[in-house]
Amino acid sequence: MDTLKLTLPDGSEKQVTAGTTGLDIAMSISPRLADAAVAVVIDGKQWDLKRALPGSGAFRILTAKDAESLEIVRHSSAHLMAQAIVQLFPGTKLAIGPVIENGFYYDIDSPHKFTPDDFAAIEAKMTELAGQKLSIDRTDIKRLEAIEKWGVQAEPYKVEMMQEWTDETVSYYTQGDFFDLCRGPHVPHTGFLKFVKLLSVAGAYWRGDEKRPMLQRIYATAFHDKKALEAHVTALEEAKKRDHRVIGRKLELFHLQDDMPGMVFWHPQGWALYRALQTYVREKIEAAGYVEVNTPSVASKVLWEKSGHWDKYQDNMFVTESEKRIYAIKPMNCPGHIQIFNQGLRSYRELPLRMAEFGSCVRNEPSGTLHGIMRVRAFVQDDAHIFCTPEQIGQEVADFCKLLKEMYADFGFNEVIVKFSTRPEKRVGTDESWDRVEKALADACEFAGLVTELNPGEGAFYGPKLEFTLKDCLGRHWQCGTIQVDPNLPERLGAQYVGEDGARHTPIMLHRAILGSLERFIGILIENYAGAFPVWLSPVQATILPVSEKFLDAARATASALRKAGLRVTVDEQNQKLGYKIREAEGQRLPFILVVGEKEAASGTVSVRQRGAGDLGAKTIGEFVEFVAGEVAAKR
RNA sequence: GCCCAGUUAGCUCAGUGGUAGAGCACUCCCUUGGUAAGGGAGAGGUCCCGGGUUCGAGUCCCGGACUGGGCUCCA
């Protein structure tokens with residue numbers, strides 16, 4: 001009889017006969033371990049507890065203590081949710097139910113229209129099924145038999161998937177009278193699935209294809225224990241409190257209105273923040289050798305035809321007409337920048353030419369995609385186009401990446417993910433040119449020492465791109481920066497320079513943005529800081545509170561002195577007690593609150609209260625200005 | 001654009017076919033204050049828009065707009 005050789009985590013070796021299961025081994029160690037075991041890992045592969053081990057190798061038993069066991073619990077929870085839904089709502093057809101970050105979902109097709117009101121009943125049914133500790137068992141079956149077993153009528157989605165597979169056998173898992181096609185592994189019984197919460201219901205196209213049927217997707221999450229589940233729910237509530245739309249209103253940063261969807265009205269406070277951000281970007285790019293320009297918002301159809309936008313991007317453009325000529329509002333700044341490049345004869349000596357613009361763009365985005373100020377129709381990009389030679393791409397991409405990381409770090413974003421997107425189906429330019437440019441960008445990444453994830457087919461219609469995703473303090477991902485290599489547009493719009501050889505050449509154009517859109521980036525900042533902006537960005541850096549109306553003039557004089565020193569300050573002129581005004585200013589999450597009363601007015605000082613630190617005592621105006629300058633310089 | 005759900009005072013939200021409500025904010029008056037809510041009075045509504053059912057619609061039905069959660073798309 002065959003024996004398997006297992007290496008346990010402590011390094012010891014164990015010989016077992018073929019056919020032994022993980023559960024057998026757990027049991028031989030201790031019955032308590034056997035009870036707690038979720039699954040095992042054999043030779044790096046997760047494996048059902050009750051399934052005969054497939055071979056020799058490193059062996060581990062997964063319990064709730066192992067992070068990877070949570071995925072298995074969630075995967076099994078998806079099955080349990082499906083079981084509950086099918087029992088409660090007969091006629092429901094199942095599509096897919098994968099594990100995702102922080103939970104899982106199941107896509108279903110049902111005559112019942114699910115709403116959050118159904119969640120309690122589904123959760124109750126799941127709890128009931130979990131309480132029954134139904135054994136979860138795997139069965140292998142010939143794929144063609146499985147197609148019969150499921151049947152096109154009953155489960156068209158499962159059948160469609162199986163028809164596309166090429167494996168000879170597939171597997172399914174049974175719990176009670178429910179079974180579901182699945183690769184596994186799963187927990188041994190439903191008793192592991194007691195801490196589940198349904199979160200939301202949403203539409204989702206079958207296989208993500210907008211031409212296929214719309215299914216109902218139920219999002220949910222599951223944990224090993226009640227405490228972890230509750231902590232997650234609390235975290236979701238915290239994230240909700242950071243919603244930029246809620247904070248934006250509370251801090252009077254901006255508003256949106258129904259009759260002009262996707263357009264932001266910046267209020268004085270929000271605009272101060274916007275300008276602080278813009279000033280920062282300006283300083284950074286000027287130091288990095290960029291020149292700033294500004295180009296018209298509306299351009300003739302003729303230009304968009306030449307650039308290719310009319311063909312490839314028309315659906316997203318607002319088009320208008322005047323005196324029988326057709327115009328479109330610019331959705332991008334690149335054609336405009338080439339118009340500036342094309343004025344006069346350019347020399348290779350001018351390259352690389354880094355042309356920046358806070359480019360105001362308008363894109364007619366589908367209504368369903370709009371979201372607060374994160375996704376709007378009118379926005380400003382911290383855009384720039386670098387005109388360079390093919391040889392300069394590597395250095396320019398490397399310099400750009402350095403600048404980007406430096407700037408993200410100033411906001412406390414230290415983790416950046418880079419994606420490499422290659423040629424899409426809808427594109428301009430020859431395959432040879434795409435080959436060349438994709439290689440140039442790949443080489444540039446290597447030169448810059450970037451680790452990239454490949455994103456095939458996701459490039460812009462004119463060229464391949466890198467996309468930079470930052471992680472905020474809640475661990476959420478935001479794609480912001482991008483750099484795109486474009487040999488096509490300069491060619492189409494006739495950009496040329498005179499080379500060292502005296503001949504005319506077409507430059508390469510690098511489209512690049514670091515923050516992406518200022519609107520979106522501010523949305524991210526609001527949520528990242530929960531409205532408590534660092535002093536250097538804060539719309540109001542300090543507010544001055546007179547102890548009573550008698551000291552209003554002294555407060556105003558202080559404000560005027562601080563404004564002269566370049567600080568953004570306000571005076572709280574409300575006829576209220578000090579405690580009330582402090583409470584309100586704290587609610588606005590301002591970095592500094594300055595109290596001016598009899599003592600301060602007489603000595604030319606302010607009593608400083610710093611956000612998070614409390615009362616710092618009295619400082620002269622000069623001392624305070626210096627203190628703030630230090631905080632600003634440190635980007636605190 | 002697609003699926004589902006929402007839309008009531010400036011904001012957050014109650015209101016199951018019969019006289020539109022609360023808290024906060026706002027205005028005025030009193031109070032003139034020392035580190036997270038002083039007191040009183042008042043004003044504020046096309047119940048998203050348009051149709052329909054009904055003696056009667058914020059409430060039920062249909063259509064539309066917008067918002068939200070997602071999907072597709074995307075900065």
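Here the structure is a predicted model, which means the values were calculated and not measured. Residue numbering restarts at 1 for every chain, and letters A, B, ... go by the order of the sequence lines. Atoms considered below: every heavy atom in the structure, side chains included; atoms not considered: hydrogens, waters and symmetry mates.
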>> Between the side chains of A:K581 and A:E586, is the shortest nitrogen-to-carboxylate-oxygen separation below 4.0 Å, so that they form an ion pair?
In response: no

> Looking at residues at least two apart in the chain, or sitting in another chain, which of them share a side-chain contact (heavy atoms from CB on, under 4.5 Å) with A:E598?
Replying inline: A:F551

>> For A:K240, is there an ion pair with A:E237 - N to carboxylate O distance below 4.0 angstrom?
In response: no

> Looking for any heavy atom pair under 4.0 Å, which part of the strands does A:L370 touch: base, sugar-phosphate only, or nothing?
Replying inline: sugar-phosphate

> Any donor-acceptor pair under 3.5 Å between the side chain of A:N575 and the base of B:U31?
Replying inline: yes

> Can you tell which of B:G1, B:A36, B:U32 lies closest to the side chain of A:E586?
Replying inline: B:A36

> Which of these nucleotides, B:G34, B:U72, B:A36, is closest to any side-chain atom of A:E210?
Replying inline: B:U72

> Distance between the C1' atoms of B:A9 and B:U27, in whole angstroms?
Replying inline: 15 Å

> Taking the C1' atom of each, how far is B:U31 from B:C47, in whole Å?
Replying inline: 38 Å

> Taking the same atom, C1', in B:G6 and in B:C48, what whole-Å distance lies between them?
Replying inline: 11 Å

> Does B:C74 have a Watson-Crick or wobble mate here (both distances under 3.5 Å), and if so which one?
Replying inline: none

>> For the aromatic rings, using the six-membered ring if either is Trp, is the centroid distance between A:F521 and A:Y274 under 6.0 Å?
In response: no

> Looking at B:U32, B:G34, B:U72, which one has an atom nearest to any side-chain atom of A:Y205?
Replying inline: B:U72

> To the side chain of A:Y580, which of B:C71, B:U35, B:A37 is closest?
Replying inline: B:A37

>> Should the side chain of A:E600 and the base of B:G34 be counted as holding a donor-acceptor pair, with the cut-off at 3.5 Å?
In response: yes

> Side chain of A:E123, backbone of A:A120: donor and acceptor closer than 3.5 Å?
Replying inline: no

> Given B:G34, B:C74, B:C4, which nucleotide is nearest the side-chain atoms of A:K113?
Replying inline: B:C4

> Is there a side-chain contact between A:N364 and A:M317 (heavy atoms, below 4.5 Å)?
Replying inline: no

> Between B:G34, B:U31, B:A36, which nucleotide gets closest to the side-chain atoms of A:I582?
Replying inline: B:A36

>> As a test of reading the structure: which of B:U32, B:G70, B:G38 is closest to the side chain of A:Y219, going by heavy atoms?
In response: B:G70

>> With rounding to the closest Å, how many angstrom separate the P atoms on B:C4 and B:C49?
In response: 24 Å

> In the structure shown, which nucleotide is the Watson-Crick or G-U wobble counterpart of B:C28, with both distances under 3.5 Å?
Replying inline: B:G40

> Between A:R375 and A:E519, is the closest basic N to carboxylate O distance under 4.0 Å?
Replying inline: no

>> Of the options B:A75, B:U32, B:G69, whose atoms approach the side-chain atoms of A:H371 most closely?
In response: B:G69

> How would you label the contact of A:Q479 with the nucleic acid (heavy atoms, under 4.0 Å): base, sugar-phosphate, or nothing?
Replying inline: sugar-phosphate

> Below 4.0 angstrom, N of the basic side chain to O of the carboxylate: do A:E467 and A:K419 qualify?
Replying inline: no

> Paired with B:G34 by Watson-Crick or G-U wobble geometry, both distances under 3.5 Å: which nucleotide is it?
Replying inline: none

>> Tell me which nucleotide, if any, is Watson-Crick or G-U wobble paired with B:U7 when both distances must be under 3.5 Å.
In response: B:A65

> Looking at B:A75, does its base get a donor-acceptor pair with the side chain of A:R520 below 3.5 Å?
Replying inline: no

>> Within the 4.0 Å heavy-atom criterion, would you say A:R609 contacts the bases, only the backbone, or no part of the nucleic acid?
In response: base

> If the C1' atom of B:G39 is compared with that of B:U54, how far apart are they to the nearest Å?
Replying inline: 49 Å

> Which whole-number value in Å describes the distance from A:E573 CD to B:C26 P?
Replying inline: 14 Å

> Should the pair A:D107-A:R217 be classified as a salt bridge under the 4.0 Å nitrogen-to-oxygen rule?
Replying inline: yes

> Taking a pair as Watson-Crick or G-U wobble with both distances under 3.5 Å, which nucleotide is matched to B:U16?
Replying inline: none

> From B:G33, B:C3, B:A75, pick the nucleotide closest to the side chain of A:M214?
Replying inline: B:C3

> Which of the following nucleotides, B:U32, B:A36, B:A75, is nearest to the side chain of A:E365?
Replying inline: B:A75

>> Over all strands shown, is A:G516 touching base, sugar-phosphate only, or nothing at heavy-atom distances under 4.0 angstrom?
In response: sugar-phosphate

>> Using a strict heavy-atom distance below 4.0 Å, which residues from residues 373-380 of chain A are in contact with RNA chain B?
In response: A:R375, A:V376, A:F379

